[in-house]
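Notes follow once the structure below has been shown.
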Amino acid sequence: MTWYFGHIDFSTYPHYNKKKLGVEYHNNYTDFRLWSSVASQVKFRLYETGIDKEPIETIDLKKNGSIWETSLRGDYHGTYYTVQCLFKDTWLDEVPDPYAFAVGVNGKRGMICDLSRTNPANWDSDKHVFPEHYSDMVIYELHVRDFSIDRFSGIQNKGKFLGFTEESTRSPEGLKTGIDHLVDMGITHVQLLPIFDFHTVDEAHPEKNEYNWGYDPQNYNAPEGSYSTNPDDGATRIAELKQLIQTLHSKGIGVIMDVVYNHTGRTRHSCLNQTVPGYFYRQRSNGTFSNASGCGNEIASERSMVRKYIIDSLKHWVNEYHMDGFRFDLMGILDIDTMNAIREEMNAIDPKIVLYGEGWAAAPSPLNEKHRAVKSNVPKLNNIAVFNDDFRDAMKGHWGIEGSIGFASGQTLNEESVKYGIVGATDHPQINYGYINSIKWAWSMSPQQSINYVACHDNYTLYDQLKQSHPDAGLRHISRMVCLAGSVVLTSQGIPFIHAGMEMMRTKQGDGNSYKSGDDINMIDWSRKAMFSYVNEYFRKLIKLRKNHPAFRMTSTKQIQQHLRFSKHYLPGVVAYILCNNANGDNWKTIRVIFNNNASPVAFPVKNQKWTEVANGLAIDENGLRTQETHTVFVQPVSMMILVSEGDVE
Ligand code: CA
């Protein structure tokens, strides 16, 4: 059969918004509905398990307008099912329906599930963890398996959702691991790499130790089975993910889900395409699947039933799992109207639900960029933040250029891009935007729209990038650079984001694309926490400093313009600024922040008055390291200095 769709006007497909699509479970009956105006017959098969060969029953669904439906009498909890559509005289694959919220092993079948049975004890009293402002968050990006799979993690449920529920775990050196480490660090939100059911890892054979980041969505509304203790039972993964969320919430840590609505792992054979062929994906003018994701397809978010599908899916994760926010992978593929519709729908649940994403696509799309949620369209996005990649590259060098360096690794003459990060990509009178790397203006309408970071799961870890650009540097030198990068990010205006393990010099042994590289490369190696305890301690204090001092967390562009002044004294490799007049209600009147990336100390002139040092080298003490009356300070090599004063601005 043909798989070309160039001649189809998908906007003519009827919209449906009456009843719940997919499984609607009740104790004594279950309704099922599938939207597919193009199928000419639909078979609905019931099975005992997620893999057995023969169905226990096959039902012909009844057509009712644009949907196909049936109603089963009795309690069907635990029964597995598939749908199969007849499309242009061809029977398509047997698949779970796109709305399946419980699935069997490897996600091949849906499961009818009474979700109330998956709730852990006291789930009703579980509460969201929302920030007052986005800039109050400290986000920590983590992969479920990486977190605990190290055999020295001290965690029993290695690689599983349940690994997050184990308290008091320790490394052989006696240091805190797992959730205790997260609490100790003081981070406010965990951003989990994909936890929806993805395609690659074989859930039926855990002994194969397969690994994947999970950016190959299969069932958007069900959790991944390989992270559960029993992937054969569709309810277990749901129950265990809820336990993970409940435990993090009980420690005051919010959970942000990485959602990948921009493409699916498979294209022709995805459950989306096997129920309404072509509809869920964009096409080129010749009718073939377009590929802005670089993964073989791209989701057509602008089509009404796709937009509804994404919104319904997000609502499911918020309402059923108490998710606190979402990180949109390749958000630049999704259209602006859909993103703003998502914001509105989330506002109806709670306006504090956190939304941000990658403001770019991986390749060209047939949908004009002016309609898509890319970085240059941030002003059109309502309360949605994006990753500040200009800041990232300015700090550590360009990810695609071998040996490239940034401010943390000693680059000079690119200080303007660092300043751009310090103000969270907002408009500031002292920045020359012409010098910024990729975009020549302030795309951020407020510091609440800029995710400030230097590293994430993609590309090299910060340590590996620095090591690659400074092959002869010793560990001590690299650790200074890691700490400098951390100090800039965690004192900047906007939303700080930490790649898990950065605080212990995480390495992937120089692997720059480890999406399937396995545990040895990807895991958090907990022995590094003892090895680099001084780095870990520095990050812990940076986070505490940020949380205790609202001057680093201003809430509006205007506030930053009024209270943040860059130093006019130029020295190569030095960026300095003042936060003045008790910025954002801070109890410190004047805060002077100086970053020096030079390999030698620099003398920096300050107004002649009494200054208290609160950060110097790798030391941070909010009560003051020492106080002196001076007009010159000496900033140690590759480090941040912070001075505070009761005096006025110089
Ligand atoms: Ca899976």
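In listed order, ligands and their atoms are each counted from 1. Quick note: residue numbers are just sequence positions, from 1.
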I59 side chain reached by L72 side chain, heavy atoms, under 4.5 Å: yes
With a 4.0 Å cut-off on N to O distance, would you call D31 and K20 a salt bridge? no
Is there any side chain to side chain donor-acceptor pair (under 3.5 Å) pair reaching into residues 44-54, and which pairs are they, with sequence neighbours excluded? R45-Q84, Y47-E94, T49-D52, D52-R109
Hits for salt bridge (charged side-chain N to carboxylate O under 4.0 Å, His left out) against D511, two or more places apart or cross-chain, chain-then-number order -> none
Return yes if a side-chain donor-acceptor contact under 3.5 Å exists between D335 and T338, otherwise no. yes
With sequence neighbours left out, write down each residue that passes salt bridge (charged side-chain N to carboxylate O under 4.0 Å, His left out) with D329, or none if nothing qualifies. R327
Taking 3.0 Å as the upper limit, name the protein N, O or S atoms near the Ca ion (ligand 1). D197 OD1, F198 O, E203 OE2, E224 OE1
